[in-house]
A.B. asks: 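Below you will find the structure I want to go over with you.
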Amino acid sequence: MPARRHSWAEPWKIKMVEPIRMLTQAERSVAIRDAGYNTFLLRSDDVYIDLLTDSGTSAMSDHQWAGLMVGDEAYAGSRSFYHLCDAVADVYGYPELVPTHQGRGAEHILSQILITPGDVVPGNMYFTTTKFHQELAGGRFVDVIIDEAHQPHVAHPFKGNIDLGKLAAVVDEVGADRIPYVSFETNVNMAGGQPVSMANLREVYEFCHERGILVMLDATRALENAYFIQQRETGYRDHSIRRILSEICSYSDGATVSSKKDNLVNIGGFLALRDPELARRARAMLVAFEGLHTYGGMAGRDMEALARGIREMVDTDDHVRTRVGQVEYLGNQIRDAGVPIVEPVGGHGVFLDASGICDHLPPQQLRAQALAAAIYEDAGVRAMERGVVSAGRDPVTGDHHYPKLELVRLTVPRRVYTQSHMDVTAESVISVYERRTEVPGLRFTYEPESLRFFQARFEPVN
Ligand SMILES: *Cc1c(COP(=O)(O)O)cnc(C)c1O
């Protein structure tokens with residue numbers, strides 16, 4: 001037998017490095033205590049491997065950095081804006097581009113131009129900012145994702161799919177004229193980076209069009225979704241990622257995108273549309289909330305780097321294969337050691353099942369928060385809690401929400417860390433798992449009223 005080969009070795013080499021420092025065990029214990037056992041409150045200088053988020057943390061290529069130098073800072077009609085329009089039209093296939101400062105800027109504009117108070121917006125699981133803007137515009141979000149999305153140990157190749165039966169029931173209940181659009185997210189973030197199938201995209205689009213309902217994608221992670229379609233859906237093995245991505249977008253009327261993810265830049269986003277009249281209304285709002293229609297919230301150089309990032313992400317299939325392959329590599333090591341995780345491993349991170357790991361603690365002792373703190377203390381890897389603390393309290397009863405999934409997320413930035421960093425991360429998680437009964441529970445010492453996970457502070461229960 002030949003030695004096992006790594007099929008996804010990085011399709012780049014390193015030209016510049018940023019030193020990182022590893023604290024001692026004693027220093028880490030002080031750092032996490034000073035941060036109130038909340039990984040959001042750690043200083044990045046105290047972190048060895050930062051897996052808090054993959055948002056805006058990508059490494060740009062030399063070609064993108066060169067783009068910063070030739071960005072056109074003209075207030076109106078910037079050359080870089082036209083480069084961005086061309087890239088979005090070529091890669092995603094939308095003719096109308098409305099640039100914004102990041103994803104939520106695009107969600108805000110889209111919600112304001114399409115939603116009338118009292119409307120209902122069905123979607124496949126919520127995303128925090130997307131749902132917030134739909135509600136701000138007077139809409140009500142209804143979850144129509146398939147049931148499997150909520151079951152961490154059920155293996156389904158397309159856990160992000162919309163349940164057509166649930167969608168039809170919503171249409172029957174409120175009427176198509178109260179549904180401005182279906183909010184369809186690719187590679188569903190809150191479900192753990194789980195994809196939707198092409199067949200589902202096509203069916204939902206046909207269903208909606210027969211009834212005069214628009215389909216708006218959250219295409220923030222559509223590239224990673226395209227990869228899963230290539231790997232898992234019959235008939236797509238020989239299609240390039242570029243072609244699959246443009247087919248995904250063909251089953252929609254427009255999309256919002258946070259460019260801080262797939263697009264390989266640190267800031268930026270856009271709303272893309274087919275209908276010129278809708279685009280006209282979006283641009284009219286843009287001037288008030290983001291900036292002129294040829295820069296939105298971005299500098300000319302940011303648009304130049306973004307235009308290049310969009311082309312680069314589909315230039316070869318190797319980029320996304322490596323990106324998702326690295327996440328799978330980490331997930332497989334952790335799972336093979338017996339640590340319970342959400343399956344299958346998603347596109348952007350590995351989600352540890354904290355209720356399974358810390359079952360010596362009662363849920364009130366915030367298992368996921370406690371596990372994330374213990375992982376940092378072990379080797380300086382920063383993860384994020386996605387459980388009781390993130391879920392907040394019920395506004396009526398005042399009790400904690402206890403979500404079905406109590407998770408710790410290890411999110412992998414794009415093109416930033418090597419395979420050795422993944423090995424260190426896996427070793428650390430496994431070692432904490434082996435000593436899991438020693439992980440102390442936590443209780444709040446400070447609890448902010450809203451979005452409490454960002455700034456809450458805790459102490460060990462003993
Ligand atoms: C990050 C993200 C957003 C929000 O984008 P921002 O750039 O952070 O405003 C929306 N949808 C999805 C799926 C995301 O991952």
Side-chain angles (χ1 to χ4, degrees), residues 40 51-58 84 92 98-112 121 123-137 141 143 145 149 159-162 181-196 201 215-228 245 248-249 252 254-272 286 289-291 296-298 302-303 305-306 309-310 313 320 323-324 327 346-349 351 384 386 390 407 409-414 451 453-454:
F40 275 104
L51 305 184
L52 188 73
T53 174
D54 68 337
S55 177
T57 52
S58 299
L84 179 57
Y92 290 93
V98 181
T100 58
H101 75 287
Q102 60 186 83
R104 65 199 71 184
E107 291 165 355
H108 177 215
I109 306 283
L110 180 72
S111 303
Q112 292 294 328
V121 185
N124 50 341
M125 204 172 264
Y126 74 99
F127 186 75
T128 48
T129 56
T130 320
K131 180 162 166 265
F132 175 87
H133 280 297
Q134 290 164 357
E135 289 172 350
L136 190 70
F141 169 84
D143 190 6
I145 202 165
K159 276 186 165 181
N161 279 353
I162 284 182
Y181 63 98
V182 168
S183 178
F184 204 170
E185 186 181 331
T186 50
N187 238 48
V188 181
N189 191 341
M190 301 297 276
Q194 301 292 332
V196 301
L201 282 153
V215 174
M216 292 295 170
L217 296 183
D218 180 340
T220 296
R221 299 170 182 280
L223 177 78
E224 288 161 11
N225 201 123
Y227 176 73
F228 286 120
L245 177 58
I248 290 175
C249 298
S252 71
T256 55
V257 171
S258 164
S259 296
K260 303 174 73 171
K261 326 288 170 62
D262 281 353
N263 294 164
L264 300 168
V265 289
N266 305 116
I267 192 75
F270 57 88
L271 166 64
L286 195 74
F289 290 100
E290 298 276 320
M298 284 181 281
D302 291 338
M303 291 191 286
L306 172 54
I310 288 171
M313 73 182 192
V320 69
R323 190 287 184 276
V324 179
V327 175
H348 64 295
F351 292 69
M384 184 194 288
R386 281 281 150 176
S390 297
L407 307 174
R409 185 179 87 177
L410 299 160
T411 338
V412 184
R414 296 165 186 79
L451 295 174
F453 55 96
F454 284 125

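Start at 1 and go down the list; that is how both ligands and their atoms are numbered.
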A.B. asks: Could you check whether any side-chain heavy atom of Leu136 comes within less than 4.5 Å of a side-chain heavy atom of Phe132, counting everything from C-beta outward?
C.D. replies: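 Yes - at least one pair of side-chain heavy atoms lies under 4.5 Å apart.
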A.B. asks: Any ion pair linking Arg414 and Asp54 (charged N to carboxylate O, less than 4.0 Å)?
C.D. replies: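 Yes, this pair counts.
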A.B. asks: Under a plain distance cut-off of 3.5 Å, with no hydrogens placed, do Asn187 and His348 share a side-chain donor-acceptor pair?
C.D. replies: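 Judged by distance alone, the side chains do not pair up.
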A.B. asks: Would you say the side chain of Glu107 lies within less than 4.5 Å of the side chain of Asp218, judging by non-hydrogen atoms?
C.D. replies: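 Touching, per the 4.5 Å side-chain cut-off.
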A.B. asks: Just by distance, do the side chain of Glu185 and the backbone of Asn124 share a donor-acceptor pair under 3.5 Å?
C.D. replies: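 Checked: no pair found.
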A.B. asks: Check ligand 1 against the protein and report each N/O to N/O distance under 3.5 Å, formatted as atom name, atom name, distance.
C.D. replies:
unit_1: ligand 1; atom_1: 5 (O); unit_2: Ser258; atom_2: OG; d: 3.4
unit_1: ligand 1; atom_1: 7 (O); unit_2: Gln102; atom_2: NE2; d: 3.4
unit_1: ligand 1; atom_1: 7 (O); unit_2: Gly103; atom_2: N; d: 2.9
unit_1: ligand 1; atom_1: 7 (O); unit_2: Ser258; atom_2: OG; d: 2.7
unit_1: ligand 1; atom_1: 8 (O); unit_2: Gln102; atom_2: NE2; d: 3.3
unit_1: ligand 1; atom_1: 8 (O); unit_2: Arg104; atom_2: NH2; d: 2.9
unit_1: ligand 1; atom_1: 9 (O); unit_2: Gln102; atom_2: NE2; d: 3.0
unit_1: ligand 1; atom_1: 9 (O); unit_2: Gly103; atom_2: N; d: 3.4
unit_1: ligand 1; atom_1: 9 (O); unit_2: Arg104; atom_2: N; d: 2.8
unit_1: ligand 1; atom_1: 9 (O); unit_2: Arg104; atom_2: NE; d: 2.7
unit_1: ligand 1; atom_1: 11 (N); unit_2: Asp218; atom_2: OD2; d: 2.7
unit_1: ligand 1; atom_1: 15 (O); unit_2: Asn189; atom_2: ND2; d: 3.0
unit_1: ligand 1; atom_1: 15 (O); unit_2: Arg221; atom_2: NE; d: 3.1
unit_1: ligand 1; atom_1: 15 (O); unit_2: Arg221; atom_2: NH2; d: 3.3
unit_1: ligand 1; atom_1: 15 (O); unit_2: Lys261; atom_2: NZ; d: 2.7

A.B. asks: Could you tell me whether Phe453 atom CZ has more than 12 heavy atoms of other residues or ligands within 6.0 Å of it?
C.D. replies: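 Above 12, so yes.
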